[in-house]
Amino acid sequence: MRRDLRVPGPIDLETTFTCGQAFRWRREGASWSGVVGGAEIRARAPGHSTLRLEVRGEDPGRDALIRYFRLDEDPRVHLVGAEDLLAIPGFRALLGLRLLRQDPWETLISFICSAAANVRKITGCVEGMSARWGEPIPGSARRRFPGPERLAAARESDLRALGLGFRAPYVRETSRRVAAGAVDWNALRHAEHGAAREALVALPGVGVKVADCVLLFALDHLTAYPVDRWIRRATLELSSRRRARDSDLARWAERLGPGRGYVQQLLFHLRRTGGPLPALPRPPARRRSA
DNA sequence: TCCTCTCCTTGCTT
DNA sequence: AAAGCAAGGAGAG
């Protein structure tokens, strides 16, 4: 079935789907093909103000798709506090990169696979697991991302055969714990950022960076600022530092406002594709009032 | 407690 | 062709 959704603010599917937040979207002729839940979605954005979707398989429903694509908001609201970044060459052109609101389980496993990997590698792992253990989608050649029980039952050697390498035992053990009910996604969604992160870091293969990715890309914690290699470089440059702990870089980024997670995604893409960033002007010194 | 180093897979790039 | 690199984590010292 077909759905046309109104898009508040700019949208650029190319950067949205290839920027390293999601790993199941690929170009398919004139449109993009992705898997969302039990559906294959084919997406186009004619005129950049409408998102035209063709849904095959189990229809997530209009509201769920609006949530997935975050069409319930104009992404520019997340720039409050980060206005200085608009002066950086190339930054303004990235505002059509839409942060997605993805499934937390799939996001968790995807980013466990992201350790010392690149986007292509992660995509291969996620597609491989889906092809091997995912349920078929009626009317589509693609498959769902497998649930925790399926991956918990997988053999480490089978995961390694898909190219997961040293990440294989992490995926297996974390799957077991999730299948056993150790993670309450809804609770994490509403918990304070620090507490939610603490719960995720308890899982094998999950450190602060991966936890923050799950919180940002799936659980609506837009204050999460995952620091990976690229964001480390970008933030060091913006803050005119030569070296700093990741936690200090995340603390520095607090000045980018409550939407710094969204900003992080734009900076990640900008730094990865465009090279070094200029230093940001220092914020005016605080005057002591009264 | 905190920092640094090493290892862990794989495949593409230089 | 050896080394570097890629959305890191865990364990040792």
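Heavy-atom basis, side chains included; hydrogens, waters and symmetry copies ignored. Residue numbers start from 1 in every chain, and the chains themselves are labelled A, B, ... in the order their sequence lines are given, proteins ahead of strands.
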Taking the minimum atom-to-atom distance to the side chain of [X], which one of [options] wins?
X: A:Trp230; options: C:dG9, C:dA7, B:dT9; answer: C:dA7
X: A:Arg120; options: C:dG9, C:dA6, B:dC12; answer: B:dC12
X: A:Ile231; options: C:dG8, C:dA7, B:dT10; answer: C:dA7

How far does the [atom1] atom of [N] sit from the matching atom of [M], given to the nearest Å?
N: C:dC5; M: B:dC5; atom1: P; result: 16 Å
N: C:dG13; M: B:dC2; atom1: C1'; result: 12 Å
N: C:dA1; M: B:dT9; atom1: P; result: 26 Å
N: B:dC7; M: C:dA3; atom1: P; result: 14 Å
N: C:dG4; M: B:dT6; atom1: P; result: 13 Å
N: C:dA7; M: B:dT14; atom1: P; result: 14 Å

**Asked** Are the ring of A:Phe268 and the six-membered base ring of C:dA7 within the stacking cut-offs of under 5.5 Å and under 30°?
**Response**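 Aromatic stack with C:dA7 present for A:Phe268.
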**Within one Ile-Leu-Val-Met-Phe-Trp-Tyr cluster: A:Val208 and A:Val214, side-chain cutoff 4.5 Å** =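 The answer is no; the residues belong to distinct hydrophobic clusters.
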Residues, nucleotides or ligands: over 12 heavy atoms within 6.0 Å of [X] [atom1]:
X: A:Arg44; atom1: CZ; value: no
X: A:Glu14; atom1: CD; value: yes
X: A:Arg92; atom1: CZ; value: no

**Request:** Taking all non-hydrogen atoms of both residues into account, name the closest pair between A:Gly205 and A:Val210 and its distance.
**Result:**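 Nearest pair, atom of A:Gly205 first, then A:Val210: O-CG2, 4.3 Å.
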**Item:** Donor-acceptor pair (no angle test) under 3.5 Å: A:Arg167 side chain, B:dT9 base
**Value:**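 A donor-acceptor contact between them is present.
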Whole angstrom value for the distance that separates [atom2] of [N] from [atom1] of [X]:
X: A:Asp246; N: B:dT4; atom1: CG; atom2: C1'; result: 14 Å
X: A:Leu108; N: C:dA7; atom1: CG; atom2: P; result: 19 Å
X: A:Asn118; N: B:dT13; atom1: CG; atom2: P; result: 10 Å
X: A:Arg232; N: C:dA7; atom1: CZ; atom2: C1'; result: 10 Å
X: A:Lys209; N: C:dA7; atom1: NZ; atom2: P; result: 9 Å
X: A:Lys121; N: C:dA7; atom1: NZ; atom2: C1'; result: 14 Å
X: A:Ile112; N: C:dG8; atom1: CD1; atom2: C1'; result: 11 Å
X: A:Phe166; N: C:dG9; atom1: CZ; atom2: P; result: 10 Å

Which part of the nucleic acid, if any, lies within contact of [X], taking any heavy atom under 4.0 Å across all strands shown: a base, the sugar-phosphate backbone alone, or nothing?
X: A:Arg271; result: nothing
X: A:Leu159; result: nothing
X: A:Val206; result: sugar-phosphate
X: A:Gly207; result: sugar-phosphate
X: A:Phe217; result: base

**Asked** Given the side-chain rings of A:Tyr262 and A:Tyr225, with only the six-membered ring counted for Trp, is the space between their centroids under 6.0 Å?
**Response**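 Between A:Tyr262 and A:Tyr225, the centre distance exceeds or equals 6.0 Å.
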Closer than 4.0 Å, any side-chain N/O of [X] to the OP1 or OP2 of [N]?
X: A:Arg229; N: C:dA7; value: no
X: A:Arg243; N: B:dT4; value: yes
X: A:Arg233; N: C:dA6; value: yes

**Prompt:** Should side-chain heavy atoms under 4.5 Å link Ile, Leu, Val, Met, Phe, Trp and Tyr, which residues sit in the same cluster as A:Val35?
**Reply:**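 Taking Ile, Leu, Val, Met, Phe, Trp and Tyr as members, A:Val35 shares its hydrophobic cluster with A:Ile137.
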**Request:** From the options A:Arg142, A:Glu28, A:Arg24, select the one residue that forms a side-chain hydrogen bond (donor to acceptor under 3.5 Å, both in side chains) with A:Ser33.
**Result:**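 Option passing the side-chain hydrogen bond (donor to acceptor under 3.5 Å, both in side chains) with A:Ser33: A:Arg142.
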**Request:** Map A:Gln21 and A:Val201 onto DNA chain C by nearest heavy atom, then report which one ends up closer to the 5' terminus.
**Result:**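 With A:Gln21 and A:Val201 compared, the 5'-side residue is A:Gln21.
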**Qualifying residue for ring-ring contact (aromatic ring centres under 6.0 Å, His included) with A:Phe217, from A:Trp105, A:Tyr68, A:Phe111, A:Phe23** =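 Only one option passes, and that is A:Phe111.
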**Asked** So what is the 5' to 3' dot-bracket string for DNA chain B, if pairs are Watson-Crick or G-U wobble with both distances under 3.5 Å, crossing pairs use [ ] and | means the partner sits on another strand?
**Response** ..||||||.|||||
**Prompt:** Starting at the 5' end of DNA chain B and moving along, which residue's nearest nucleotide shows up first, A:Gly165 or A:Asp248?
**Reply:**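 Looking at the nearest nucleotide for each, A:Asp248 comes out on the 5' side.
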